[in-house]
Amino acid sequence: MIVVISGLCAFCVYAMITLFVAIQGALVSQSVELDALMSEAEKIALESRSVIDRLNAQGFDQCNDTLLAVMRRELFHTYRVRDIGFLRDNTVLCTTGQGILKTPIKQDSWDFISDDGFSYWPAARLALFDGEIVAPIVGKGLFNVVLDTRWLEQLAIANSRWELVYRNSLSQTQHAFGDPGVFRSLSKQSGQDITLTTIYSETCSDIIPYCASAEIKHTDVLRRSQSLAVFLAVTGLVLGSGSGLVSWLVLKRRLSTTQRIIRGMRHDAYFPLYQPIVDLKSGSIIGCEVLARFRDTYGALYPDEFIPVLANIGKGWQFTQLIMQKTLDDLNTRAGLPDGFKVNINLFPSDIAQSRMKDADISLALAASRFNIAFEITEDEHLDTATAKDCIQWIKANGFELAVDDFGTGYSNLAKVRDLGCNTLKIDRSFVFDIDTGGLGAALVPLMVSIAKELGMEVVAEGVETSIQATIVSNMGVRFAQGWAFGRPMPASRLEELVRQTS
Ligand SMILES: Nc1nc2c(ncn2[C@@H]2O[C@@H]3COP(=O)(O)O[C@H]4[C@@H](O)[C@H](n5cnc6c(=O)[nH]c(N)nc65)O[C@@H]4COP(=O)(O)O[C@H]3[C@H]2O)c(=O)[nH]1
């Protein structure tokens, strides 16, 4: 579902961007085409008006062969006039196309008249060269001309509706050519307007009293450019499915964290780091806590991710043995670490509850090592069983120490700690982090210290990040501490170096 949604989202975003680009492109080409339309309209208007003015200036008052010859010569020299007519009293008497008319044609009254006296018939129906055509006519005095608008039609914007209007000195407009009603008269001299459905442009000429406008629907922008639509569809599909694929891979990778954690056991992904434990009085490093790390080809995972999974899938003991063995391999050869150096190793509650530790080869190897091994356990209901108690007895009888981890959180309480016969109490870092600003720890740590002393236990403060915190917990009677103030979890070689420096 996420894959489909993400693919669709990517497709929509992409489609919107492409549509926006296409609309901007359409707007630009609409303006260019409109300018070309206007320029052609200027040529038609100027040419037709000058033909009419020249003929009127020659003083003919009747239609004869001389006039027809003059009219035909004029027609011959024009590009944008198709026919010239001579008329009197609104009746066409002769035309360049048909000569002197046997039956003169009564001219309809004009649709509009310009400020300088030119009459217009924007869509006249007329017989021309034996055919009936619809063409604009303009006339003044004794002459009118049929305009050749084929260039205009060719220039007209495909799929766009467009209109050419005459604008008089009072800014009133009259339809002259194209699709009636398109022109809206934006208040500016020329302008553009994009609405939700259409793209509209208009421009007015400085030379002739005409304005041109064009309008295209957004949907037609794509229809107009079929190749753009195909491009949009293909690349959109590629992008949409690509994005879907990426989310699928991310999802798959996430889902397979458990697989990575399991595979990591076989592929040597786990290794231990060591965090120093410091004697606050002397400042020397008296031991370390073993903290597991995970790294495979996809990157690192942290204990908060893999420890609960390992516990859930029943791989706790296998993992504990692996870390113990690596710890021994790492530390045994480090001459810089003194005999009796304290090494704290974390156990899963199940390692004890199922008595895994008892008589295991790795437990015996640890017992035989030159280090003072302490097992860190978090108080847990499973430790109340007879099997667990038997295992704890075995642990103590074999010279190991027990430390209660994260004291003050979860199930831990002092009565149980006393019953288990723990040697060390590790105060959880949540009591330390705000101890210098009078947090909960400021009140509770002295209490924990005094009870631990009564029970004959050592106290380690976890998560000491600053020297101020170290001084405060030390003043509260805490003897040992662990935290970034003394070093982050580090490789054995670095630990050995630090021990040498501080001893
Ligand atoms: N904010 C802060 N954090 C500090 C500071 N100093 C140390 N820490 C972090 O606090 C955690 C202390 O270990 P933990 O309480 O035993 O808590 C451990 C432990 O319960 C468990 N764990 C780690 N390694 C093992 C292992 O090998 N076996 C088992 N069973 N559990 C392990 O995972 C927990 C988390 O381990 P990490 O992520 O390594 O986190 C470590 C350590 O990196 C500090 O000054 N400030």
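All ligand and atom numbering here is 1-based and tracks the order in the structure.
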Is any side-chain N of the basic residue among Arg429 and Asp434 closer than 4.0 Å to the acidic one's carboxylate O?
-> no
Consider ligand 1: state whether an atom of it lies below 4.0 angstrom from any non-hydrogen atom of Arg293.
-> yes
Any idea which of Met324, Arg429, Lys426, Lys326 brings a heavy atom closest to atom 12 (C) of ligand 1?
-> Arg429
Using non-hydrogen atoms of the residue, decide whether Phe319 is closer than 4.0 angstrom to ligand 1.
-> yes
Examine ligand 1 and decide if any of its atoms is less than 4.0 Å from a heavy atom belonging to Glu289.
-> yes
Considering only heavy atoms, does Ala485 approach ligand 1 within less than 4.0 Å through its side chain, its backbone, both, or neither?
-> neither
Would you check whether Ala292 has a nitrogen or oxygen atom less than 3.5 angstrom from a nitrogen or oxygen atom of ligand 1?
-> yes
Do Arg293's NZ or CZ and the ring of Tyr302 fall within the cation-pi criteria of under 6.0 Å and 45°?
-> no
Relative to each other, are the rings of Phe375 and Phe400 parallel, tilted or perpendicular (30° and 60° limits)?
-> tilted
Salt bridge (charged side-chain N to carboxylate O under 4.0 Å, His left out) evaluation trace for Lys342 with Glu401 = CA-CA 10 Å; Lys342 193 184 275 267; Glu401 289 190 1; 2.6 Å; yes
Purely on distance, is any nitrogen or oxygen of Asp406 under 3.5 Å from one on ligand 1?
-> yes
Salt bridge flag under 4.0 Å for residues Asp279 and Arg479 | yes
Decide, yes or no, whether a salt bridge links Asp406 with Lys426 under the criterion of side-chain N to carboxylate O below 4.0 Å.
-> no
Counting heavy atoms only, which part of Thr320 comes closer than 4.0 Å to ligand 1: side chain, backbone, both or neither?
-> neither
N/O to N/O below 3.5 Å, does that happen between Gln482 and ligand 1?
-> no
Would you call Phe348 a ligand 1 contact, heavy-atom distance under 4.0 Å?
-> yes
Could you check which of Asn346, Leu273, Ile323 puts a non-hydrogen atom nearest to atom 19 (C) of ligand 1?
-> Asn346
Classify the ring geometry between Phe294 and Tyr270 as parallel (under 30°), tilted (30 to 60°) or perpendicular (over 60°).
-> perpendicular
